[in-house]
Amino acid sequence: MTEKTHQDLLAKYAEAIVKVGLNIRAGQRLIISSGGTRGVPHQFAPLVREISKAAYAAGAKYVEAIFADEEMLRIRAQHAPKGTFDIYPKWQISALKEMVDNGDALLSIAGANPDLLGGLDPEVVGQMQRAHLENWGPVSEKVSTNAINWCVIAAAGDAWAQKIFPELPVDKAVDKLWQAIFETTRIDQPDPVEAWNKHIATLRERALYLQSKQYTALHYKGPGTDFTVGLPSGHLWISAQSMAQNGIAFTANMPTEEVFTLPDRNRADGLISATFPLSYGGTLINDFQVTFENGRIVKVTAKQGEAALQKLVDTDEGSARLGELALVPASSPIGKRGHLFYNTLFDENASCHIAIGRAYRFTLAGGTELNDEEFIAAGGNVSLNHVDFMIGSPQMDIDGIAKDGTREPVMRQGEWAIKL
Ligand code: ZN
Ligand code: ZN
């Protein structure tokens, strides 16, 4: 057996991204970008080229990529004059909006330096982050309503790889991260597209089971966690594959292991302890606990990064409330690796998680038709933020609570307790 070269694996990855992730339709256009760094870092060009080839092979009529030099963001934070950090490249938003309005596919590539803005003036970083979130709002809204087929994937950036594997020289760290990406996205399997189709079918069955139960709340119990969260009527359990408003079934995240739904923004009570650190805006928030009352975060404590966590929660009204509940077994391929990736795309698939901030409209029946006020009235949450953090562990038990108050085990010891 000959070993697959990196180039072969990149081509397989590109094919799975185009066929499973985006499910590009003949005649569609594709735009490739990376929001956080205002463009795809140049070092990912070899992957972008493979994706372009795969997209044209699938019938795409035009592929565009916005590239950027991530260091430029750091240079700006260090050298630009005070009071200028609300300036934003609005042309990028116009470009993305124009393509989204045209029904084109959107691919976002994660993998930039997670510490790009680390150690800089937190005021400046906060202002830049805020300008990004505000300007990106119209794009986020299109994405969160599944207006088009979209997908987020990762590439092994140098700085990111070195953060995960600091004991290795950079080239070895990058190789090891690519290997992790290919394993967790099933690209190392003989037929990755077929493996994905099977995986998607299993996740869909779990989501359908939970949907049929119509729980009114979930109760989480584990070390440092005793927490009840409501599920509003009309909540939808979603898994890997979704239907876009342009009629295309797509898989928004690669990898993905989660089954998730909408929490009630007004019904969350108790204490929850994070089981993995959270890397947010270049700061590591570690060993932290969050207390909820009537859906609102009333207290945060952290051994490390407490000020950053408080700042995140204080961003806006919705940042103190929940926007997502996701169930992932502790034995997921990412959880089993046992290390942090410092990237939500991977870390959120390591264990059960919750997100503070914006809820996805598509997790509520008819939610994509509602304006902000109507969505909030139905129990949904609106915010500039959507930040996931891990709460699951091999010690976590979760019960589903039915409307008549009866309880059923959903997860035990971090694993699914429901039989399909
Ligand atoms: Zn999630
Ligand atoms: Zn999330």
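All ligand and atom numbering here is 1-based and tracks the order in the structure.
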A.B. asks: Taking atom CD of Glu373 as the centre, does the number of heavy atoms from other residues, nucleotides or ligands within less than 6.0 Å exceed 12?
C.D. replies: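 No, CD of Glu373 has 12 or fewer neighbouring heavy atoms, counting only those of other groups under 6.0 Å.
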A.B. asks: May I ask you to decide if Phe276's main-chain N or O and Asp347's side chain share a donor-acceptor pair within less than 3.5 Å?
C.D. replies: no
A.B. asks: Just wondering, are more than 12 heavy atoms of other shown residues or ligands nearer than 6.0 Å to NZ in Lys163?
C.D. replies: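 Counting other residues, nucleotides and ligands, NZ of Lys163 exceeds 12 neighbours.
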A.B. asks: Name whichever N, O or S atom of Glu258 ends up nearest to the Zn ion (ligand 1).
C.D. replies: OE1
A.B. asks: Taking just the N, O or S atoms of Asp388, which one is nearest to the Zn ion (ligand 2)?
C.D. replies: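 Closest to the Zn ion (ligand 2) among those atoms: OD1.
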A.B. asks: Restricting to N, O or S atoms of Glu324, which is nearest to the Zn ion (ligand 1)?
C.D. replies: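 Of the nitrogen, oxygen and sulfur atoms in Glu324, the Zn ion (ligand 1) lies nearest to OE2.
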A.B. asks: With a cut-off of 2.8 Å, does any N, O or S atom of His386 fall short of it relative to the Zn ion (ligand 2)?
C.D. replies: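 Here the distance criterion (N, O or S atom, under 2.8 Å) is met by His386, so yes.
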A.B. asks: Going by the angle between their ring planes, with limits at 30° and 60°, are Phe346 and Trp160 parallel, tilted or perpendicular?
C.D. replies: tilted
A.B. asks: Could you tell me whether any N, O or S atom belonging to Glu348 is less than 2.8 Å from the Zn ion (ligand 1)?
C.D. replies: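 Coordinating: yes.
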A.B. asks: For Ser273 versus Gly224, what's the shortest heavy-atom pair and its separation?
C.D. replies: OG-O, 2.5 Å
